[in-house]
Number of protein chains: 2
Amino acid sequence: MESAFSIIAEPNRRAILSLLAASERSVGDIEEELQLPQPSVSKHLRVLREAGFVESRVDTQRRLYRIKPEPLIEVDAWLAQFRRFWTTHVDALERHLDHMDQSRPTKRKTRRKK
Amino acid sequence: MESAFSIIAEPNRRAILSLLAASERSVGDIEEELQLPQPSVSKHLRVLREAGFVESRVDTQRRLYRIKPEPLIEVDAWLAQFRRFWTTHVDALERHLDHMDQSRPTKRKTRRKK
DNA sequence: TGAGTATATACCTTACGGAGTATATATCCG
DNA sequence: CGGATATATACTCCGTAAGGTATATACTCA
């Protein structure tokens with residue numbers, strides 16, 4: 001279970017993270033918005049917390065959870081090695097691979113940092 | 001198992017994808033480089049193929065596998081909602097540019113698979 | 001055609017993780 | 001204090017997926 005990848009393999013956990021991406025939320029908020037039993041929410045939050053995806057703060061009787069991005073950064077970093085397969089600019093390496101479909105090679109986007 | 005996320009939850013499959021990110025390879029290549037039993041490699045490749053992560057072509061007696069990026073694009077798209085947590089420019093300007101980027105009139109659209 | 005190589009599949013076993021249910025802990029307020 | 005609310009944990013059950021081993025299929029070439 002350790003790896004960030006196996007943590008986000010669970011659909012309910014992804015849903016929880018998506019909610020928290022918008023704003024921090026209490027357990028009850030999540031329970032209601034995702035229509036999940038409360039123990040299930042707490043259990044998933046525990047897994048997410050122990051894996052570093054979220055952290056919580058106390059607000060009177062509730063716990064408010066919010067995103068901690070580190071493990072997601074790790075996933076993003078792993079994905080980096082594949083981005084050349086779908087980014088538009090055609091570099092020499094990609095041309096070396098079998099992309100016969102060289103339709104509009106000089107079509108250029110506005111320059112941005114990726 | 002259906003989701004792209006659960007497919008890449010398996011460490012050996014991630015290792016296989018990383019190898020293929022560099023260049024296409026045969027089953028035997030992967031077997032040797034990852035020190036995995038051949039049936040295990042074949043089984044993982046089958047899972048990856050059926051989920052659309054790889055495709056194979058025949059080269060005499062061998063099968064050469066290579067990356068098909070679609071499911072990884074899906075993962076990348078899911079990650080997008082969290083990027084503001086670790087990118088440096090979180091201001092309205094960048095969000096505006098992102099939006100314009102995606103609405104640019106290119107022919108490539110990411111296909112959505114269920 | 002038959003041996004050899006490359007890859008796929010079948011079968012069994014096992015472990016892990018998620019769901020569900022019940023219960024525990026903690027905090028607030030009247 | 002005691003009841004109500006909010007959240008966490010314990011425990012059992014069950015499905016699924018990965019590993020291992022054996023075997024099947026497919027192709028090549030002498």
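Order of the sequence lines fixes the chain letters, A, B, ..., with proteins taken first and strands second; residue numbering starts at 1 for each chain.
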Q: Select base, sugar-phosphate, or nothing to describe what A:Gln38 touches, counting heavy atoms under 4.0 Å on all strands.
A: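 The residue A:Gln38 makes base contact.
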Q) Base, sugar-phosphate, or nothing for B:Ser42, non-hydrogen atoms under 4.0 angstrom? A)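 Base: the residue B:Ser42, judged by heavy atoms under 4.0 Å, touches a nucleobase.
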In whole angstroms, how far is the [atom2] atom of [N] from the [atom1] atom of [X]?
X       : N      : atom1 : atom2 : value
B:Glu32 : C:dT5  : CD    : P     : 15 Å
A:Arg14 : C:dG18 : CZ    : P     : 12 Å
A:Arg62 : D:dA4  : CZ    : C1'   : 16 Å
A:Leu48 : D:dT7  : CG    : P     : 16 Å
B:Asn12 : D:dA17 : CG    : C1'   : 13 Å
B:Arg57 : C:dT7  : CZ    : P     : 13 Å
A:Arg25 : D:dA6  : CZ    : P     : 17 Å
A:Arg46 : C:dT25 : CZ    : P     : 15 Å

Q. The side chain of A:Lys43 lies closest to which of these nucleotides: C:dA6, C:dA19, C:dT7?
A.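 For the A:Lys43 side chain, the nearest candidate turns out to be C:dA19.
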Phosphate-side-chain proximity, [X] and [N], N/O vs OP1/OP2 below 4.0 Å:
X       : N      : value
B:Arg63 : C:dA6  : no
B:His44 : D:dA17 : no
A:Tyr65 : D:dA6  : no
A:Ser40 : C:dA19 : yes
B:Arg13 : D:dA18 : yes

Q: Would you mind telling me which residue lines up with the more 5' stretch of DNA chain C, A:Glu10 or A:Asp59, judged by nearest nucleotide?
A: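 Residue closer to the 5' terminus by nearest nucleotide: A:Glu10.
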Q.
I'd like to know if B:Leu20 and B:Leu36 are part of one continuous hydrophobic network [Ile/Leu/Val/Met/Phe/Trp/Tyr, side-chain heavy atoms within less than 4.5 Å].
A.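 Same hydrophobic cluster.
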Q.
Between A:Glu2 and A:Ser6, is there a side-chain donor-acceptor contact under 3.5 Å, judged purely by atom types and distance?
A.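 Checked: A:Ser6/A:Glu2 side chains show no N/O donor-acceptor pair below 3.5 Å.
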Q. Do A:Phe82 and A:Trp78 have their ring centres less than 6.0 Å from each other?
A.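 For A:Phe82 and A:Trp78, the ring centres are under 6.0 Å apart.
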Q.
If you count every heavy atom of other residues, nucleotides or ligands that lies below 6.0 Å from B:Glu32 atom CD, does the total exceed 12?
A.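 No, not enclosed.
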Q. Any cation-pi pair here, A:Arg14 with B:Phe5, using under 6.0 Å and within 45°?
A.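 Satisfied, under 6.0 Å and within 45°.
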